[in-house]
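For reference, the structure is listed below as structure tokens.
As the structure lists them, so they are numbered: ligands from 1, and atoms in each ligand from 1.
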Amino acid sequence: MRIDRIGIDESVAAVFPPEPLAQRLAAAAVDATIVDGSPESLADCQAVVTLEHRESFLDLEWVHSIQAGVDRFPHDRFREEGVVLTNSTGVHGDAVGETVAGFVLALARRIHEHVAHQTDREWSRPGWDDGWTVAGEQACVVGLGGLGRGIVDRLTGLGMDVVGVRRSPLPEPGVDQVYTVDGLREAVADARFVVLAVPLTDATRELIGAEELAAMRQDAYLINVARGGVVDQLALVEALRDGEIAGGALDVFETEPLPEDSPLWAMDDVIVSPHCAAYTRDYYRHVAAILEESVRRIADGEDPVNRVL
Ligand code: NAD
């Protein structure tokens, strides 16, 4: 593979403006141009950097996802056409870790209620026994990759005890006990916060359903920064309504944007955020660093960074 020109698809604008990335890549000696997915705009490009998938990308040699998740892309078609797919895993741990720490502190210290009251200019204190502190409480982090690592570091920093779930039971620093997926219900049983940080695959679709929610403590919160499809959303709404769990913080949903009529918008102890847990002004710089390294590796005849297909 030889990369002379990389297209930056305009869909990246949902996360950062494409221009600074184009300038940064140009400074790294690879021609970069902003494209709109049309075959004309992609002429002379061998590769594209993108948020969304477009059919025209199947004529290229290499597609780079600015996200860690690659569930938007038709993997079988990529294999058939011999298109290399890479992702941006590895750059989100700090931002998502801090977002999760923010959710945890907001829910325990009732900050989400203050923000809601401020909107109504209402001086309203929480009940004497509503607030609590998280030190010594347990969190269960499901998925111990780049995201999981960033989350574990923040939660242990807050004095929490952390258990984790992943495919292999290998130990992980800062994690008291690592369960495999078979032990998921046992892993979530003592946790005050269950945090989801796995990719959406056939194996993780609706990993959290009615039975897993029932296995959680009644005073537990579910935090989903993975993908909406990892949770059976109907079962979640029911569990929240019936008080089977206390609440949650949800950054991702089965349908995005979250439809206006979703009951999740109006639940007192549910924080809704618009799939932005990883947003940071440095996002494009992190993506640029991956791309620069990949371009170097490809020139040396090696695989690009974070090759998925
Ligand atoms: P990663 O590849 O570094 O880590 C994924 C982890 O999940 C690994 O530990 C892996 O072993 C584990 N895993 C995979 N399949 C599993 C299964 N079937 N059961 C249990 N564990 C399993 O990826 P990452 O960078 O940590 O990102 C994880 C996912 O989080 C992404 O795929 C993406 O969907 C999502 N994400 C969301 C945001 C956001 O803005 N909300 C940002 C980044 C990533």
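Protein heavy atom nearest atom 13 (N) of ligand 1, with residue, atom name and distance: Arg167 NE, 3.8 Å. Looking only at protein heavy atoms, the nearest one to atom 7 (O) of ligand 1 is Pro199 CD, 3.3 Å. Shortest contact from atom 25 (O) of ligand 1 to any protein heavy atom: Thr89 CG2, 3.5 Å. When hydrogens are left out, the protein atom nearest atom 3 (O) of ligand 1 is Gly146 N, 2.9 Å; that is the closest non-hydrogen contact. The single protein non-hydrogen atom nearest to atom 19 (N) of ligand 1 is Val181 CG2, 3.1 Å, given as residue, atom name and distance. Here the protein heavy atom with the shortest distance to atom 42 (C) of ligand 1 is Ala278 CB, 3.8 Å. In terms of protein heavy-atom proximity, atom 35 (C) of ligand 1 is nearest to Ala226 O, 3.5 Å.
Looking at His275 against ligand 1, only its side chain comes within 4.0 Å, counting heavy atoms. Contacts between Ala197 and ligand 1 below 4.0 angstrom, taking non-hydrogen atoms only, involve the backbone exclusively.
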List the steps, then state whether salt bridge (Lys or Arg N to Asp or Glu O under 4.0 Å) holds for Asp36 with Arg54.
CA-CA 10 Å; Asp36 61 10; Arg54 303 183 198 274; over 6 Å; no
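With hydrogens and angles disregarded, a donor-acceptor distance shorter than 3.5 Å links the side chain of Ser294 to the backbone of Val305. No donor-acceptor pair under 3.5 Å is formed between the side chain of Arg166 and the backbone N or O of Gly143.
Taking a cutoff of 4.0 Å between a charged side-chain nitrogen and a carboxylate oxygen, Arg149 and Glu172 qualify as a salt bridge. A salt bridge does not link Arg296 with Glu302: none of the charged nitrogens is closer than 4.0 Å to a carboxylate oxygen. One finds a salt bridge joining Asp219 and Arg192 here, because a Lys/Arg side-chain nitrogen approaches an Asp/Glu carboxylate oxygen to under 4.0 Å. In summary, Arg154 and Asp94 engage in a salt bridge, as defined by a charged side-chain N under 4.0 Å from a carboxylate O.
At a threshold of 4.5 Å between non-hydrogen side-chain atoms, the residues Leu21 and Val12 do not count as touching. Side-chain contact between Arg72 and Leu51 is present, with at least one heavy-atom pair separated by less than 4.5 Å.
The residue from Val252, Asp182, Asp202, Leu147 that puts a heavy atom closest to atom 43 (C) of ligand 1 is Leu147. In this structure, of Val198, Val141, Asp251, the residue bringing a heavy atom nearest to atom 29 (C) of ligand 1 is Val198.
Polar contact check, Leu144 against ligand 1: a nitrogen or oxygen pair lies under 3.5 Å apart. Looking at Gly145 next to ligand 1, an N or O pair under 3.5 Å apart turns up. Taking distance alone, with nitrogen or oxygen atoms compared against 3.5 Å, Gly143 stays at or beyond that limit from ligand 1.
Residue contacts with ligand 1: Val225 is included, with a non-hydrogen atom under 4.0 Å away.
More than 12 heavy-atom neighbours from other residues, nucleotides or ligands sit within 6.0 angstrom of CG on Asp120.
Residue Thr204 approaches ligand 1 through these ligand atoms, each under 4.0 Å from one of its heavy atoms: 16 (C), 17 (C), 18 (N). The atoms of ligand 1 that sit less than 4.0 Å from any heavy atom of His92 are 43 (C). Atoms of ligand 1 found under 4.0 Å from any heavy atom of Ala203 (numbered from 1 in listed order, with element): 18 (N).
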